Engineer: 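Sharing a structure here in structure tokens format.
These figures come from a predicted structure and were not determined experimentally. We name chains A, B, ... by the order of the sequence lines, and we start the count at 1 in each one.
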Number of protein chains: 2
Amino acid sequence: MFISIDFADDKPIYLQIHDQVIDAIASGKMFPGSVLPSSRQLAAEFGINFHTVNKAYNLLREERYIQFSRKKTAVVSEPLMNETLLQEWDNRERTLLAELVARGVSRQDIVHRVGRLLDSVRLSVENGSKGGEQK
Amino acid sequence: MFISIDFADDKPIYLQIHDQVIDAIASGKMFPGSVLPSSRQLAAEFGINFHTVNKAYNLLREERYIQFSRKKTAVVSEPLMNETLLQEWDNRERTLLAELVARGVSRQDIVHRVGRLLDSVRLSVENGSKGGEQK
DNA sequence: TCATGTGTTCTATATCGTATATAACACATG
DNA sequence: CATGTGTTATATACGATATAGAACACATGA
């Protein structure tokens, strides 16, 4: 499975699941049509409550990363992007970038660092996912 | 004042203060030696409890952005950066970048976007702050 | 000397978010 | 018709957030 939970982490469990699903989509491990494990199934796998998994799934649905088919199974959606989402992203990214600037990291170092991170995220997004179709 | 509070925002007040102080340092509005308003003073200005301001200041101190002089006033510290901080930053940045990648934004668009944000953060950091010395 | 303003520490309360637990429901599947 | 979905509801427990009030040691400046 592409999900792991760190109970020692101060990040809430439902957010760990949420973020890792997004990471799985970004990296190409999952793509539009991919079926996610059911709430109860994933919960059982990690010994957590299925409501916690549900909270992560519902958040992902509100953000349009996934949707639920009539079969009631969670499925990865087609990518969606708009100006509102970009602006909200900018606000969070700006806060994060300000940390490095405040600590004296140069613009060049930051850009280079972001570039490396982008590559590590996108590793397989442009290649290996072709040939996987839903349904 | 360079700080404002949005009570409608779901972001905790102490984090709003925390983030805005970092932004002020990053943008050059504050620099090593700059004196922050006292907890009680800033709290009175916004009609909030001084313990809430204290929480923000103590967090900023733990992260070495500020320190308290013998006079007990909060003062901006010299920039500090190390590998541990960079790795923790990478983790958060990677999660944020994955959101855009998962939504289908191209690498070029993301890099361009981060560059613009960086410029908006650093506006005055390289110029206007020279000539301001502590004590 | 003494009043003032600092950050610090302590106790207390109220509210919200997180996580768990249990039960019941409508729905689609095989 | 039993099974497994997501959904909804109620309940409890715990930690984080925010407020409130009191008291303390310390440095400042009148």
Engineer: Taking any strand in view, what nucleotide pairs with C/dT29 in a Watson-Crick or G-U wobble way, both distances under 3.5 Å?
Structural biologist: D/dA2
Engineer: Can you tabulate the close N/O pairs, meaning under 3.5 Å, that link protein atoms to atoms of nucleotides 7-11 of chain C?
Structural biologist:
from	atom 1	to	atom 2	distance (Å)
C/dG7	OP1	B/Ser39	N	3.2
C/dG7	OP2	B/Ser39	N	3.2
C/dG7	N7	B/Arg40	NH1	2.8
C/dG7	O6	B/Arg40	NH2	3.4
C/dT8	OP1	B/Arg61	NH1	2.6
C/dT8	OP1	B/Arg61	NH2	3.2
C/dT8	OP2	B/Asn58	OD1	3.3
C/dT8	O4	B/Arg40	NH2	3.4
C/dT9	O4	B/His51	NE2	3.2
C/dC10	N4	B/His51	NE2	3.4

Engineer: Quickly work out the A/Phe46 CZ to C/dA19 C1' distance and round it to whole Å.
Structural biologist: 16 Å
Engineer: Please collect all salt bridge (charged side-chain N to carboxylate O under 4.0 Å, His left out) contacts where either partner lies in residues 81-92 of chain B, sequence neighbours excluded, each pair once.
Structural biologist: A/Glu99-B/Arg92, A/Arg113-B/Asp90
Engineer: Would you check if A/Tyr65 and A/Val21 make a side-chain contact, meaning some heavy-atom pair closer than 4.5 Å?
Structural biologist: no
Engineer: Rounded to the nearest 0.5 Å, how far does CG of B/Leu59 lie from NE2 of B/His18?
Structural biologist: 4.0 Å
Engineer: Above 12 or not: heavy atoms from other molecules or residues under 6.0 Å from CZ of B/Arg107?
Structural biologist: yes
Engineer: Hey, could you give me the CD/CZ distance between A/Gln20 and A/Phe2, rounded to the nearest 0.5 Å?
Structural biologist: 9.0 Å
Engineer: Specify the residues of residues 4-16 of chain B, ordered by number, for which at least one heavy atom lies under 4.0 angstrom from an atom of DNA chain D.
Structural biologist: B/Pro12, B/Ile13, B/Tyr14
Engineer: Got a second to check how far A/Ser27's OG is from A/Arg122's CZ, nearest 0.5 Å?
Structural biologist: 11.5 Å
Engineer: How would you list all residue pairs meeting salt bridge (charged side-chain N to carboxylate O under 4.0 Å, His left out) that involve residues 14-28 of chain B, not counting sequence neighbours?
Structural biologist: A/Arg94-B/Asp23, B/Lys11-B/Asp19
Engineer: Can you list every pair that meets salt bridge (charged side-chain N to carboxylate O under 4.0 Å, His left out) and has a residue in residues 41-60 of chain A, with sequence neighbours left out?
Structural biologist: none
Engineer: Please round to the nearest 0.5 Å and tell me the distance separating atom CZ of B/Phe46 and atom CD of B/Gln16.
Structural biologist: 10.0 Å
Engineer: So B/Leu42 and B/Ile48, side-chain contact (heavy atoms from CB on, under 4.5 Å) or not? Walk me through it.
Structural biologist: CA-CA 8 Å; B/Leu42 193 60; B/Ile48 61 177; over 6 Å; no
Engineer: Anything under 4.0 Å to a heavy atom of chain B counts; send over the first and last such nucleotide of DNA chain D, read 5' to 3'.
Structural biologist: D/dT17 to D/dT28
